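Report on the following structure.
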Amino acid sequence: QVQLVESGGGQVQPGGALRLSCALSGFTFRHYAIVWFRQIPGKEHEEVSCISSGDGRPWYADFVRGRFTFSKDKNMVYLQMRSLEADDSGVYYCAAEQLAYGDQSIPCQLLFDWDYWGKGTPVTVSR
């Protein structure tokens with residue numbers, strides 16, 4: 001059984017930093033994609049960053065590029081967030097998808113059928 005569990009959220013002042021973690025258990029797929037989403041109140045959830053086993057290079061949304069860093073170490077996925085702004089507040093989720101071999105070439109930001117989701121970790125950026 002695949003489970004994703006996020007942690008590391010909290011409250012931080014503008015300009016501060018947080019590192020979110022996502023623990024993957026039962027995740028033994030050779031071909032996969034992993035994504036960080038966020039849900040801001042009153043808005044649709046938006047994709048923040050993702051990675052595919054195809055090329056291994058993280059993709060970043062424009063609104064976080066240069067501030068956030070996606071990394072993966074074995075069964076842990078991280079989102080290092082720096083220079084946080086009030087607009088970054090929300091609930092952050094990690095999600096994952098098993099890919100067919102031929103789908104590895106699809107840019108991860110274009111994938112939409114995420115099979116597995118965590119329950120999220122809240123981030124609040126305020127003074």
Side-chain angles (χ1 to χ4, degrees):
Q1 183 180 1
V2 176
Q3 288 188 320
L4 281 64
V5 179
E6 303 94 336
S7 61
Q11 183 169 353
V12 64
Q13 292 188 354
L18 284 174
R19 189 176 81 154
L20 306 183
S21 301
C22 176
L24 311 170
S25 61
F27 196 78
T28 58
F29 309 124
R30 183 175 179 182
H31 310 301
Y32 60 86
I34 302 171
V35 63
W36 283 100
F37 283 102
R38 69 185 184 187
Q39 179 77 56
I40 296 173
K43 296 180 66 176
E44 295 282 332
H45 74 269
E46 52 189 5
E47 197 164 324
V48 175
S49 181
C50 63
I51 194 169
S52 165
S53 57
D55 64 13
R57 292 180 299 174
W59 169 89
Y60 299 97
D62 287 343
F63 52 80
V64 302
R65 189 170 290 120
R67 300 188 297 124
F68 290 12
T69 303
F70 187 122
S71 62
K72 183 179 181 297
D73 182 12
K74 296 180 182 178
N75 287 336
M76 293 295 299
V77 171
Y78 304 98
L79 187 68
Q80 177 68 55
M81 307 187 296
R82 296 183 175 88
S83 301
L84 284 163
E85 305 165 355
D87 288 348
D88 293 318
S89 297
V91 180
Y92 284 70
Y93 300 87
C94 63
E97 178 179 347
Q98 180 183 9
L99 298 177
Y101 176 77
D103 289 342
Q104 286 196 99
S105 61
I106 300 174
C108 60
Q109 66 271 27
L110 300 182
L111 299 171
F112 55 88
D113 191 17
W114 300 97
D115 300 317
Y116 308 101
W117 288 77
K119 294 184 179 180
T121 186
V123 171
T124 303
V125 184
S126 65
R127 296 193 179 280

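All values derive from a computational prediction rather than experimental measurement.
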D103: what forms a side chain to side chain contact (heavy atoms under 4.5 Å, CB included) with it, not counting sequence neighbours?
L99, A100, I106
Is any side-chain heavy atom of [Y] closer than 4.5 Å to one of [X]?
| X | Y | answer |
| --- | --- | --- |
| V48 | L79 | yes |
| W114 | V35 | yes |
| L84 | L18 | yes |
| Q3 | Y116 | no |
| W117 | Y93 | yes |

Does D115 use its side chain to pair, donor to acceptor, with the backbone of A96 at less than 3.5 Å?
no
Could you state the interatomic distance from [atom1] ([X]) to [atom2] ([Y]), rounded to the nearest 0.5 Å?
| X | Y | atom1 | atom2 | result |
| --- | --- | --- | --- | --- |
| L20 | C22 | CG | SG | 9.5 Å |
| K74 | M76 | NZ | CE | 12.0 Å |
| C50 | R57 | SG | CZ | 12.0 Å |
| H45 | R38 | NE2 | CZ | 12.5 Å |
| C108 | E97 | SG | CD | 10.5 Å |

Can [X] and [Y] be counted as having a side-chain donor-acceptor contact under 3.5 angstrom?
| X | Y | answer |
| --- | --- | --- |
| R19 | Y78 | no |
| Q104 | S52 | no |
| S126 | Q11 | yes |

Heavy-atom pair with the smallest gap, counting every atom of [X] and [Y]:
| X | Y | value |
| --- | --- | --- |
| S53 | H31 | OG-CA, 3.3 Å |
| G120 | E6 | N-OE1, 2.8 Å |
| S89 | I40 | O-CG1, 3.3 Å |

Without placing hydrogens or testing angles, list every side-chain donor-acceptor pair under 3.5 Å for residues 59-71, not counting sequence neighbours.
from : atom 1 : to  : atom 2 : distance (Å)
Y60  : OH     : F70 : N      : 2.8
D62  : OD1    : R65 : NH1    : 2.4
R65  : NH2    : Y60 : O      : 2.3
R67  : NH1    : S83 : O      : 2.9
R67  : NH1    : D88 : OD2    : 2.7
R67  : NH2    : F63 : O      : 2.7
R67  : NH2    : D88 : OD1    : 3.0
R67  : NH2    : D88 : OD2    : 3.4

Partner of L24 under side-chain contact (heavy atoms from CB on, under 4.5 Å), chosen from V2, V5, L4:
L4
Walk me through whether V125 and E85 qualify under side chain to side chain contact (heavy atoms under 4.5 Å, CB included).
CA-CA 6 Å; V125 184; E85 305 165 355; 5.6 Å; no
F27 ring center near Y32 ring center (under 6.0 Å):
yes
